[in-house]
Amino acid sequence: MRIATWNVNSLRARADRVEAWLDRSDVDVLAIQETKCKDENFPWDLFERLGYDVAHFGVSQWNGVAIASRVGLEDVERTFEGQPTFGKEEADAVQESRAIAATCGGVRVWSLYVPNGRDRNDPHMQYKIDWLGVLKDQAASWLATDPDAQVALVGDWNVAPRDEDVWDIDLFEREQATHVSAPERAAFHAFEEAGFADVVRPYTPGPGVYTYWDYKQLRFPRREGMRIDFVLASPALAARVTGASIDRQERKGKGASDHAPVVVELA
DNA sequence: ATGTCGCCCATTGGGCGA
């Protein structure tokens, strides 16, 4: 079985590329982030044509997460328990479409689009830290209930957990950039402490290996990227992993997403 | 270079988010 995660940065703008990739990648499950559409604008036909069931959660032009599967799509859940809300004013805080789950071929898959943070001192950063904290507590509780649970927490984590996960850590520190701060890294590592493992890095070691390259400033041709898209697996699922890859090719050419797909192979 | 994208509302540009 093959499971993939991909921040497509608008599904409608990239429908042809996503369909072509899905057709040739031979994945059984694809978790998608940043569909950037509401359910009523979602391209359901694209997945139907290729034989995938799909569930989507999108409430505005922002965020949007989906799971496509050809090995079953059961017990779909939109948002996790206690998922924090966000709004510029407290009065308009809403539940954003950043998390959707489904059981696919016996694996509980969560497609996650972690809040960006925007700036180390922006309220969005506290939202990001809280969001990750509540999700971690939930994920830990699932393992406490069933230590043998096969759970995949996949998506755009918007955290670069190690210095080698950005092209120039000195620059990021000078600029007090997001994604590399101590609280963000601690929030990410808490998942590892709870028993979840990054199952991709062992097969795609750095430095210089990334999943995202900004559109600006020729970041991709300059090989200046960030590793921020991860598949974190519970112990029972991690034990099944036989390989993983980052499809850097898909970042090339006109009309590419700024993120590459990440694929995990299971025995 | 504040260097690129994609969305929306609106209307050939501005605002927002990443």
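A, B, ... follow the sequence lines: proteins, then strands. Residue 1 opens every chain.
- Every residue meeting the side chain to side chain donor-acceptor pair (under 3.5 Å) condition with A:Asp130, not counting sequence neighbours, appears here in chain and number order: A:Gln126.
- Listed by chain and number, the residues in a ring-ring contact (aromatic ring centres under 6.0 Å, His included) with A:Phe191 are A:Trp157 (sequence neighbours excluded).
- Spacing of P atoms, B:dA10 relative to B:dG6, comes out at 22 Å, to the nearest Å.
- Side-chain contact check for A:Pro84 versus A:Arg98: every heavy-atom pair is 4.5 Å or farther apart.
- Other members of the hydrophobic cluster containing A:Tyr210, listed by chain and number, are A:Val166, A:Trp167, A:Ile169, A:Leu171, A:Phe172, A:Val180, A:Tyr212, A:Trp213, A:Phe220, A:Met226, A:Ile228; membership follows side-chain contacts under 4.5 Å among ILVMFWY residues, whether direct or relayed.
- Both A:Gly255 and A:Arg118 sit near DNA chain B, but only A:Gly255 has its closest nucleotide nearer the 5' end.
- Among residues at least two apart or in separate chains, salt bridge (charged side-chain N to carboxylate O under 4.0 Å, His left out) pairs with a member in residues 42-59 of chain A are A:Glu19-A:Arg49.
- Remark on DNA chain B: of its neighbouring residues A:Arg14 and A:His124, the 5'-side contact belongs to A:Arg14, judged by nearest-heavy-atom nucleotide.
- For DNA chain B, the contact window with chain A, defined by any atom under 4.0 Å from a protein heavy atom, covers B:dG3 to B:dA18 in 5' to 3' order.
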Would you mind writing out the side-chain donor-acceptor pairs for residues 147-155 of chain A within the sub-3.5 Å range, not counting sequence neighbours?
from: A:Gln150; atom 1: OE1; to: A:Arg240; atom 2: NH1; distance (Å): 2.6

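- Cluster note: A:Leu50 groups with A:Trp6, A:Val8, A:Leu11, A:Val18, A:Trp21, A:Leu22, A:Val27, A:Leu30, A:Ile32, A:Phe42, A:Trp44, A:Leu46, A:Phe47, A:Tyr52, A:Val54, A:Val263 through ILVMFWY side-chain heavy atoms spaced under 4.5 Å, whether in direct contact or through intervening members.
- Within residues 168-178 of chain A, no residue has any heavy atom closer than 4.0 Å to DNA chain B.
- Across the C1' atoms, B:dA1 and B:dT12 are found 24 Å apart, a figure rounded to whole Å.
- Only the C1' atoms considered, B:dT2 is 15 Å distant from B:dC16, to the nearest whole Å.
- Side-chain contact annotation: A:Arg120 with A:Ser181, donor-acceptor N/O pair under 3.5 Å absent.
- Among the atoms of the strands shown, only primed sugar atoms or phosphate atoms (P, OP1, OP2) are found under 4.0 Å from some heavy atom of A:Arg98.
- Against DNA chain B, the stretch residues 212-226 of chain A makes heavy-atom approaches under 4.0 Å through A:Tyr215, A:Lys216, A:Gln217.
- Under the rule for a ring-ring contact (aromatic ring centres under 6.0 Å, His included), A:His179 has no partner lying at least two apart in sequence or in another chain.
- With sequence neighbours left out, A:Phe196 forms a ring-ring contact (aromatic ring centres under 6.0 Å, His included) with no residue at all.
- Applying the ring-ring contact (aromatic ring centres under 6.0 Å, His included) criterion to A:Trp142, with sequence neighbours excluded, gives A:Trp110.
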